[in-house]
Amino acid sequence: MIDLRQLRDNPERFKAGARAKNIPVEIDRVLSLDENRRALLTRMETLRAEQKRLEKESGPQIGKLAGAIKKATGDEAARLQRELDELKSKPAQLKAEISTIEPQIAALEPELSSLLLQIPLPPDADVPVGAGSESNVEIKRWSPAGFDLGKSFEANRGFKPKTHQELVRDLRLADFERGVKLAGTRSYVLTGMGMKLHLALLRYATDFMTDKHGFTPISVPVLVREEAMVGTGFFPAGREQAYHIAETQRRNPDAADDKGVGSHDLYLTGTGEVGLMGLHMNEILDEAQLPLRYVTVSTCFRREAGAAGKDTAGLYRIHQFDKVEQVVICKSDEAESRAWHKRMIGYVEELLQSLEIPYRLLQCCTGDLGPKNADMIDIESWMPGRGELDKDNRPQGAFGETHSASRLYDFQCRRLNMRYRTESAAGGKSETVFCHSLNNTVLASPRFIIPLLENHQQADGTIRIPAALRPYLNGAEVIAAR
RNA sequence: GGAGGGGUGGCUGAGCGGUUGAAAGCAGCAGACUUGAAAUCUGCCAUGGGGCUUGUCCCCAUCAGGAGUUCGAAUCUCCUCCCCUCCGCCA
């Protein structure tokens with residue numbers, strides 16, 4: 001969520017931001033609704049102040065009169081009653097007037113808050129402007145010694161690479177047919193060493209963040225309430241990407257009526273970020289607690305609506321996967337946010353280098369950002385079995401997105417109502433301000449199994465396990481056909 | 001599944017129709033005492049919003065959320081959400 005006051009002060013900044021992100025929003029409508037609302041609010045508050053003043057004034061008299069009436073008789077009682085009615089009538093008039101304004105304000109609110117939730121965070125000035133992923137800018141490229149990304153896999157290694165689908169089939173690491181039988185398209189089953197490799201990667205990535213970089217490991221619910229989805233900024237824009245558990249639609253078959261028996265709906269999260277960020281929703285933290293550095297491993301669910309026909313085969317684009325995710329919640333300070341962003345990307349680089357996977361860093365352009373990011377760096381791993389086909393109808397290799405590092409300033413924390421109390425400077429008052437937040441993938445599997453298998457395949461069809469991963473596979477150095 | 005109890009400031013917790021935006025304690029901040037610290041004492045310490053005369057200013061709202069009763073609601077009524085305890089069932 002953006003700050004309504006900032007929007008009032010500088011609507012152009014937000015209009016330009018939405019335009020650059022290619023997200024249509026009615027900012028002028030928001031401004032006029034807001035202005036309307038404030039005018040009504042001022043009027044109502046003035047009336048209410050007057051009402052309260054009268055109440056205080058006449059309250060005790062009303063009490064006294066009411067008592068006197070009980071004792072009085074005949075004309076005297078009637079006279080007192082008139083006096084009492086007179087006293088009561090003035091605040092009643094004000095109340096009536098207030099009650100005509102109240103619904104007017106209430107009527108404006110749903111549209112205003114719904115529009116406000118749709119206004120994206122403007123991208124930072126140093127983010128390149130562009131319409132979509134074709135305008136993203138490569139800012140760094142790395143490959144292990146002995147592997148030259150300028151040459152083909154064959155030129156580097158002396159043999160034609162298999163695709164991960166072929167490797168997985170030959171080494172019996174996954175079973176797509178049965179996955180689809182069980183759960184439909186984009187489903188899979190990892191088998192044997194495929195499952196072991198999956199678990200080893202997740203555990204290695206988790207240990208890497210906790211033991212080497214001091215992150216706190218945390219488990220999170222993957223079935224969450226709508227608040228958490230809206231708060232983290234995935235809703236309303238990404239509603240169609242999330243699986244929805246419609247508990248309120250649940251019917252009790254024995255009940256005579258058809259009322260729902262579930263208290264509220266739930267949503268399956270598409271990333272551990274939702275749980276990690278939602279942890280401190282509606283809390284006020286102490287500045288001394290910050291930065292919070294959390295890592296979780298969670299199962300992620302994505303409907304992949306609108307991706308029909310895209311990456312349909314293999315382990316690339318699937319409805320369910322597991323992901324180690326890092327989140328940092330820090331002070332409201334641009335320089336600190338930027339520093340953490342760099343650091344969080346650095347952790348992933350270190351991880352990828354330890355696994356000897358070639359990768360590149362992509363500066364996402366404004367059109368590729370999504371509503372909640374001020375800046376986003378994607379990390380793409382080299383996948384020799386991906387990309388355009390050569391003259392022999394074999395893929396030439398391509399980078400594929402495996403990580404995404406977002407910098408959100410206070411956009412998320414504002415929606416989540418997540419603040420901290422500043423340490424008061426000498427003599428100064430402390431204040432409560434919204435935290436900043438950042439998140440980045442550490443490792444998502446099985447997608448990451450793709451670059452791992454494809455890059456470390458050997459001429460004999462086996463897979464060399466990089467040294468860093470061997471402790472997590474009982475010391476195994478190779479995956480071979482069973 | 002059955003039966004109860006409860007949601008109050010950063011935390012604990014009183015209040016159960018009338019200056020109660022809210023006692024008290026803890027935590028925090030400032031000061032005094034101290035060589036320093038601790039202890040002790042004194043004072044200050046909720047959030048959101050609106051206004052303009054932008055001020056150690058004024059006003060409004062908020063005691064889970066919503067609706068109602070009342071001149072007046074943290075306090076009474078109804079609905080929703082959430083938490084807890086006991087019993088049963090399951091692990």
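Protein chains get the first letters and strands the later ones, always in sequence-line order, with residue 1 at the start of each. All values derive from a computational prediction rather than experimental measurement. The figures that follow rest on heavy atoms only: side chains count, while hydrogens, waters and symmetry mates do not.
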What's the closest nucleotide to the side chain of Thr432(A) if the choices are U70(B), G48(B), G50(B)?
G48(B)
Nearest to the Lys95(A) side chain among G49(B), G10(B), G72(B), which nucleotide is it?
G72(B)
For a quick test of reading the model: is some side-chain N or O of [X] closer than 4.0 Å to OP1 or OP2 of [N]?
X	N	value
Thr46(A)	G50(B)	no
His264(A)	C82(B)	yes
Arg38(A)	G51(B)	yes
Arg225(A)	C82(B)	yes
Arg421(A)	U47(B)	yes
Arg8(A)	G50(B)	yes
Arg5(A)	G49(B)	yes
Lys52(A)	U19(B)	no
Arg419(A)	G48(B)	yes

[N] and [M]: how far apart are their [atom1] atoms, nearest whole angstrom?
N	M	atom1	value
U54(B)	G36(B)	P	45 Å
A37(B)	A30(B)	P	12 Å
C63(B)	G25(B)	P	24 Å
G9(B)	A23(B)	P	12 Å

Base G10(B) paired with Glu283(A) side chain (donor-acceptor, <3.5 Å)
no
Going by the angle between their ring planes, with limits at 30° and 60°, are His280(A) and Tyr294(A) parallel, tilted or perpendicular?
parallel
Would you call the rings of Phe215(A) and Tyr347(A) parallel, tilted or perpendicular, where under 30° means parallel and over 60° means perpendicular?
perpendicular
Is any side-chain N of the basic residue among Glu304(A) and Arg317(A) closer than 4.0 Å to the acidic one's carboxylate O?
yes
Stacked cation flag Lys372(A) on Tyr409(A), 6.0 angstrom / 45 deg
no
Output for pair (Ile449(A) CD1, Leu173(A) CG), nearest 0.5 Å, gives 7.5 Å
Comparing Ile284(A) with Met44(A), nearest RNA chain B nucleotide closer to 5' gives the residue Ile284(A)
